[in-house]
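This report refers to the structure that appears directly beneath it.
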2 protein chains.
Amino acid sequence: MRSSQLDLVFSALADPTRRGMLERLAEGETNVGTLAAPHDMSQPAVSKHLRVLERAGLIQRTRHGREHRIRVDPRPIEAASTWIEHYTRFWKQQFDAVDAYLEARAKQTHPPQRSKERRKR
Amino acid sequence: MRSSQLDLVFSALADPTRRGMLERLAEGETNVGTLAAPHDMSQPAVSKHLRVLERAGLIQRTRHGREHRIRVDPRPIEAASTWIEHYTRFWKQQFDAVDAYLEARAKQTHPPQRSKERRKR
DNA sequence: GCTACGCATAACTACGAGGTTATATGATGG
DNA sequence: CCATCATATAACCTCGTAGTTATGCGTAGC
């Protein structure tokens, strides 16, 4: 049941409705109604999406009279961003190496069948 | 039911087992067994996780005899990365502005109760 | 003060995700 | 050949998610 912060952030971002809300919030803080307007769904559904974003720490809410002002907190996303950026470096390296290998092999007239059979590790 | 590429990538990243596999794949391509080893779960469970990664386009598979070599394809992640980086710019701007405002207000001896009451928009 | 507004919560449905065990499939090696 | 290995697939269970309608609750405004 334990979900790490990264889990919560990534799964919050995995829904187009919630990404839409975050995109809207890039324009500035608003109330729930404004956030809900573009999305064709019931008000409680919107409320649930906001709770997901809130549990991931992606938004902050300030009650202001009867309306709730919502604003983005970009900090949890940076954890996600950092994770991606970190590993992307290695992945690209990996990917490019394989890419180069495949390209090189394609150039040979008789591609060796078993050349990859014995690899280190 | 339609899930965009971004949905698939983000939700694939939302699971620690799958992130663990991608982290392992940063070291180099391997077979399924090696990928499964560190994770305490049944082999079919691992197989399912790989399918999720595959559907998101994050890994590629080459059958090589009876084993499947798995390697990362970093390209779909870049879409996710781009989305994050794009909006992070605006969010930070937003966040920092609110932050500065709150700090400024905190400095006043008599924080005005209704100063935020009438805001543009 | 009453009504309407802005939102949350409750209770329900439908479905997918993540796990299991059991079984199938195809390649390897003695 | 036959047993075994590497992996996938099937069938099932459980739980969380995304949606619904109905209802509650505090604030605004006339």
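Chain naming here is simple, since letters A, B, ... match the order of the sequence lines and numbering starts at 1 in each.
- Each of A:L53, A:I70, A:L22, A:I59 was checked for a side chain to side chain contact (heavy atoms under 4.5 Å, CB included) with A:L35, and the lone residue meeting it is A:I70.
- One atom, CD of A:E67, and another, P of C:dC5, lie 14 Å apart when rounded to the nearest Å.
- Rounded to whole angstrom, the span from the CG atom of B:L50 across to the P atom of C:dG19 amounts to 12 Å.
- Residue A:L53 contributes atom CG, which lies 13 Å from atom P of D:dT17 at whole-angstrom precision.
- Computed from coordinates, the A:H68 NE2 to D:dA28 C1' distance equals 14 Å when rounded to whole Å.
- Ranked by how close their nearest DNA chain C nucleotide is to the 5' end, B:R55 and B:D40 are led by B:R55.
- The side chain of B:S47 lies closest to D:dT9, out of C:dT20, D:dT9, D:dT20.
- For the pair B:H64 NE2 and D:dT7 C1', the computed distance is 16 Å after rounding to whole Å.
- Per the geometry, CD belonging to B:Q43 stands 14 Å off P belonging to C:dA22, to the nearest Å.
- Comparing D:dA18, C:dG18, D:dT7 against the side chain of A:V52 picks out D:dA18 as the nearest.
- A:Y87 is connected to B:W83 through a chain of hydrophobic side-chain contacts under 4.5 Å among Ile, Leu, Val, Met, Phe, Trp and Tyr, so both are in one cluster.
- Following rounding to the nearest Å, B:M41 (CE) and C:dA17 (C1') show an atom-to-atom distance of 12 Å.
- Across the protein-nucleic acid pair, B:D15 atom CG and D:dG16 atom P stand 14 Å apart, rounded to whole Å.
- Under a hydrophobic clustering in which Ile, Leu, Val, Met, Phe, Trp and Tyr are joined whenever their side-chain heavy atoms come within less than 4.5 Å, directly or via other members, B:M41 and B:L50 fall into the same cluster.
- Interface remark: the A:R66 side chain does not form any donor-acceptor pair with the C:dC7 base, using a distance-only criterion of under 3.5 Å.
- Between D:dG19 and A:S42, no contact under 4.0 Å exists linking OP1 or OP2 to a side-chain N or O.
- Each of C:dC7, D:dA10, D:dG19 was ranked by its minimum atom distance to the side chain of A:N31; first place goes to C:dC7.
- Distance check: B:K92 NZ to A:D73 CG gives 11.5 Å after rounding to the nearest 0.5 Å.
- Considering CD of B:E29 and CG of B:L25, their distance stands at 9.0 Å, rounded to 0.5 Å.
- The A:R18 side chain lies nearest to D:dA18 when the options are C:dT9, D:dA18, C:dA22.
- Side-chain proximity of A:K48 to C:dC7, D:dG19, C:dT20: nearest is D:dG19.
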